[in-house]
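Taking it in order: structure first as structure tokens, then the write-up.
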2 protein chains.
Amino acid sequence: MHHTTEHDILKESIHKLRETGVRITPQRQAVLNYMIKSDDHPTADDIYKALVDEFPNISVATIYNNLRLFKDTGLVNELPYGDASSRFDFITSAHYHVICTECGKITDFNYPALNEVETLAKHVTNFDITHHRMEVYGLCPECAENTSKS
Amino acid sequence: MHHTTEHDILKESIHKLRETGVRITPQRQAVLNYMIKSDDHPTADDIYKALVDEFPNISVATIYNNLRLFKDTGLVNELPYGDASSRFDFITSAHYHVICTECGKITDFNYPALNEVETLAKHVTNFDITHHRMEVYGLCPECAENTSKS
DNA sequence: ATAATTGCAAACGATTTGCACTGCG
DNA sequence: CGCAGTGCAAATCGTTTGCAATTAT
């Protein structure tokens with residue numbers, strides 16, 4: 001029995017990156033490591049703020065560059081939200097998200113993948129379907145509480 | 001037997017707006033009318049371009065103001081897409097969307113509402129669920145054709 | 001009459017880009 | 001060493017805002 005640790009995931013991810021001919025810089029590794037350890041779904045700015053102590057000169061451009069790279073490599077998912085900042089999610093297993101419309105909090109939500117939706121969409125529209133996105137919106141318990149009080 | 005025409009929908013929508021104490025300006029009515037007649041899912045800029053002939057001085061701010069108003073009144077849905085422009089959809093009946101990742105084309109897609117997802121999400125997360133969003137992505141037939149050729 | 005709406009331009013915020021410099025391999 | 005990656009500032013783009021002028025009611 002082998003237990004996969006965060007450290008293993010980091011090593012494996014770095015390996016995957018090297019395979020595509022990408023250099024492992026300290027900044028890149030720090031962003032990657034932050035994504036792996038992060039439980040929530042950070043924005044680019046969240047990551048910037050978290051790393052600026054260790055890398056006083058790091059720039060947001062570097063954060064964005066690396067997030068795009070990780071996305072292209074399939075390590076990270078981007079969750080875009082209209083006018084607001086995108087949130088980023090290190091890909092462990094497939095899951096959906098429940099999002100608070102008041103405070104923006106994102107909670108993971110396990111639900112069987114809606115494969116039949118993709119199949120039907122393919123038949124009906126003749127699109128070459130690649131993926132889908134599903135999100136549930138509402139008020140998180142805290143915001144619901146605050147709203148009912150006021 | 002009564003057949004609902006676009007003109008009826010317009011009249012009904014205007015009535016709904018008046019009820020909330022909103023003034024019916026020519027620009028407002030033009031945006032509304034465009035939304036009702038539009039088969040695709042226009043961006044604010046699409047609407048601007050479509051109306052600038054009739055209203056040479058109309059500004060994007062007015063388009064956005066009215067779209068926000070229609071959204072608040074429940075006449076129109078906004079479909080935000082990350083860094084790109086939001087698209088707007090006059091609400092007739094509930095449906096999902098299939099979106100081309102290459103050209104951005106949006107096709108309506110009828111599928112029974114995923115109510116059980118909302119119910120489960122409510123139980124699992126204790127959120128006060130209000131709605132959900134589901135979209136299927138892929139290549140539209142035209143883009144798939146072009147991709148395979150190159 | 002008067003408060004809501006318009007149009008304009010400036011502001012904003014997230015993200016991208018150009019480019020000289022740095023440092024990983 | 002050479003070229004990919006960084007950091008900086010400026011640019012971009014969708015959207016919002018402040019405000020004076022207009023207009024629906």
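Only a predicted model underlies this, so the values are computations on that prediction, with no experimental measurement involved. So that the names make sense, note that chain A is the first sequence line, chain B the second, and so on, each numbered from 1.
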| Once you round it to whole Å, what is the distance between C1' of dC8(C) and CZ of F55(B)? | 18 Å
| field | Residue whose closest nucleotide on DNA chain C lies nearer the 5' end, Y64(A) versus I58(B) | value | I58(B)
| request: Look at the side-chain N and O atoms of T25(B) and state whether any lies under 4.0 Å from the OP1 or OP2 oxygen of dT6(C). | output: yes
| If each of V22(B) and N65(B) is mapped to the nucleotide of DNA chain D with the nearest heavy atom, which maps nearer the 5' terminus, i.e. the 5' end? | N65(B)
| Among dC8(C), dT17(D), dA24(D), the nucleotide that comes nearest once only the side chain of R23(B) is considered | dA24(D)
| Where each residue is assigned the nucleotide of DNA chain D containing its nearest heavy atom, which of P26(B) and R68(B) is assigned the position nearer the 5′ end? | R68(B)
| R28(B) vs dA24(D): side-chain N/O to OP1/OP2 distance below 4.0 Å | no
| Taking the six-membered ring for Trp, are H131(A) and Y137(B) parallel (under 30°), tilted (30 to 60°) or perpendicular (over 60°)? | parallel
| query | Side chain of A61(B): nearest nucleotide among dC8(C), dT15(D), dG7(D)? | reply | dC8(C)
| field | S86(A) side-chain N/O to dT15(C) phosphate OP1/OP2 under 4.0 Å | value | yes
| message | From CG of L51(A) over to P of dT6(D), roughly how many Å is that when rounded to an integer? | response | 12 Å
| task | Report yes if a side-chain nitrogen or oxygen of N57(B) is closer than 4.0 Å to either non-bridging phosphate oxygen (OP1 or OP2) of dC8(C); otherwise report no. | result | yes
| Quick one: do D45(B) and K49(B) make a salt bridge, cutoff under 4.0 Å? | yes
| remark: Here the distance between atom P of dT16(D) and atom CG of D45(B), to the nearest Å, is 14 Å
| task | Would you mind reading off the distance between L69(A) atom CG and dT16(C) atom C1', rounded to a whole angstrom? | result | 16 Å
| message | Check this one for me: any side-chain N or O of R18(A) less than 4.0 Å away from OP1 or OP2 of dG25(C)? | response | yes
| request: State, without any angle test, whether S86(B) and E78(B) hold a side-chain donor-acceptor pair at a distance under 3.5 Å. | output: yes
| Does the side chain of T62(B) get closer than 4.0 angstrom to OP1 or OP2 of dG7(C) through an N or O atom? | yes
| More than 12 heavy atoms of other residues, nucleotides or ligands under 6.0 Å from CD of E12(B): is that the case? | no
| said: Classify N66(A) by what it touches in the nucleic acid, base, sugar-phosphate, or nothing, heavy-atom distance under 4.0 Å. | reply: sugar-phosphate
| query | Closest to the Q27(A) side chain: dG5(D), dA24(D), dT6(D)? | reply | dT6(D)
| field | Short side-chain donor-acceptor distance under 3.5 Å, D46(A) and T43(A) | value | yes
